[in-house]
Amino acid sequence: MTAHLPSAPPAVVRLTRFTKTELTEILGEGEDAFGVAWTGLTWRAKQEHFGIERDGRLVAHTGLVTVPLSIGSMETRAVGVGGVAVAPGLRGQGLARSVMTAALEHARTIGPRYGLLFCRSPLLPLYERLGWRRLDADVEVEQPGDTTAVMPLETLWTPLREGAEWPPGPVRLRSLPM
């Protein structure tokens, strides 16, 4: 009888770029890879990227960007998380957890107290299992042409500093959503 030792978590690497080519490598061809085109929103590119490769192919990704934010009368910043993607045939294997954990470890070194992300309702259970908390408030986001919109997706946050709590008050993302 042979013992089966648990396999090590997949190695997460810092990516030097993440373009449509890399997204297609993970999710395949498609115009609406994240299922959010219906929102009509313009999205902000991420500045930092983390990924997992298997057999020479990118199979998971998470992106980060620091964004300005107002909560009530407080001006602050958050680390916006987006572009979370796992190859369809590899979902349920902990790749999202691994790539998100590595990205958030880095986010904790950047400075902001909060991580912020937007997601479709079916993904809420995944992010809640990863420690994200639902924000039950409308979030106003900036859009091109000096306009704003109310975010139609779910908004979640996570503390990046010990003891960080989300303050009360209206929330406005002072940039394009990520």
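- The side-chain hydrogen bond (donor to acceptor under 3.5 Å, both in side chains) check on Arg17 picks up Glu22, with sequence neighbours excluded.
- Among residues two or more places apart in sequence or in another chain, the ring pair (Phe, Tyr, Trp, His ring centres under 6.0 Å) test is passed with Phe18 by His49, His61.
- The shortest distance between side-chain heavy atoms of Met100 and Val81 falls below 4.5 Å.
- Contact check for Pro152 versus Trp38: side-chain heavy atoms found under the 4.5 Å cut-off.
- Under the side-chain hydrogen bond (donor to acceptor under 3.5 Å, both in side chains) criterion, Arg172 pairs with Glu142, not counting sequence neighbours.
- Taking the ring pair (Phe, Tyr, Trp, His ring centres under 6.0 Å) definition, one finds that Phe118 meets it with nothing, sequence neighbours left out.
- For Arg120, the side-chain contact (heavy atoms from CB on, under 4.5 Å) criterion is met by Val36, Pro122, Leu123, Leu153, not counting sequence neighbours.
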Checking Trp157 against Leu117 for the side chain to side chain contact (heavy atoms under 4.5 Å, CB included) test, could you report, in this order, the C-alpha distance in whole Å, the side-chain angles of both residues, the deciding distance, and whether it holds? CA-CA 6 Å; Trp157 76 280; Leu117 71 77; over 6 Å; no
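- Applying the side-chain contact (heavy atoms from CB on, under 4.5 Å) criterion to Ala33, with sequence neighbours excluded, gives Leu23, Leu27.
- Within the 4.5 Å cutoff, no side-chain heavy atoms of Leu116 are placed close to those of Val79.
- Side-chain contact check for Asp138 versus Thr155: every heavy-atom pair is 4.5 Å or farther apart.
- In this structure Glu140 satisfies the side-chain hydrogen bond (donor to acceptor under 3.5 Å, both in side chains) test together with Thr148, sequence neighbours excluded.
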Quick one, Thr158 with Tyr127, criterion side chain to side chain contact (heavy atoms under 4.5 Å, CB included). Give me CA distance, side-chain angles, the key distance, then yes/no. CA-CA 10 Å; Thr158 193; Tyr127 290 115; over 6 Å; no
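- Residues Pro177 and Gln143 meet the side-chain proximity criterion, which asks for heavy atoms closer than 4.5 Å.
- With sequence neighbours excluded, no residue forms a salt bridge (Lys or Arg N to Asp or Glu O under 4.0 Å) with Arg54.
- With contacts defined as side-chain heavy-atom distances shorter than 4.5 Å, the pair Ile110/Pro112 qualifies.
- Looking at Leu64 and Phe50, their side chains come closer than 4.5 Å, going by heavy atoms from C-beta outward.
- Take Asp136 and apply the salt bridge (Lys or Arg N to Asp or Glu O under 4.0 Å) test, not counting sequence neighbours, and it matches Arg134.
- Listed by chain and number, the residues in a side-chain hydrogen bond (donor to acceptor under 3.5 Å, both in side chains) with Ser121 are Glu154 (sequence neighbours excluded).
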Residues 65-76, side-chain donor-acceptor partners within the protein, below 3.5 Å, at least two apart:
from	atom 1	to	atom 2	distance (Å)
Ser70	OG	Arg174	NE	3.4
Ser70	OG	Arg174	NH2	3.4
Glu75	OE1	Arg174	NE	3.3

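- For the side-chain contact (heavy atoms from CB on, under 4.5 Å) test, residues two or more places apart in sequence or in another chain that qualify with Ala164 are Arg113, Tyr114, Pro159, Arg161.
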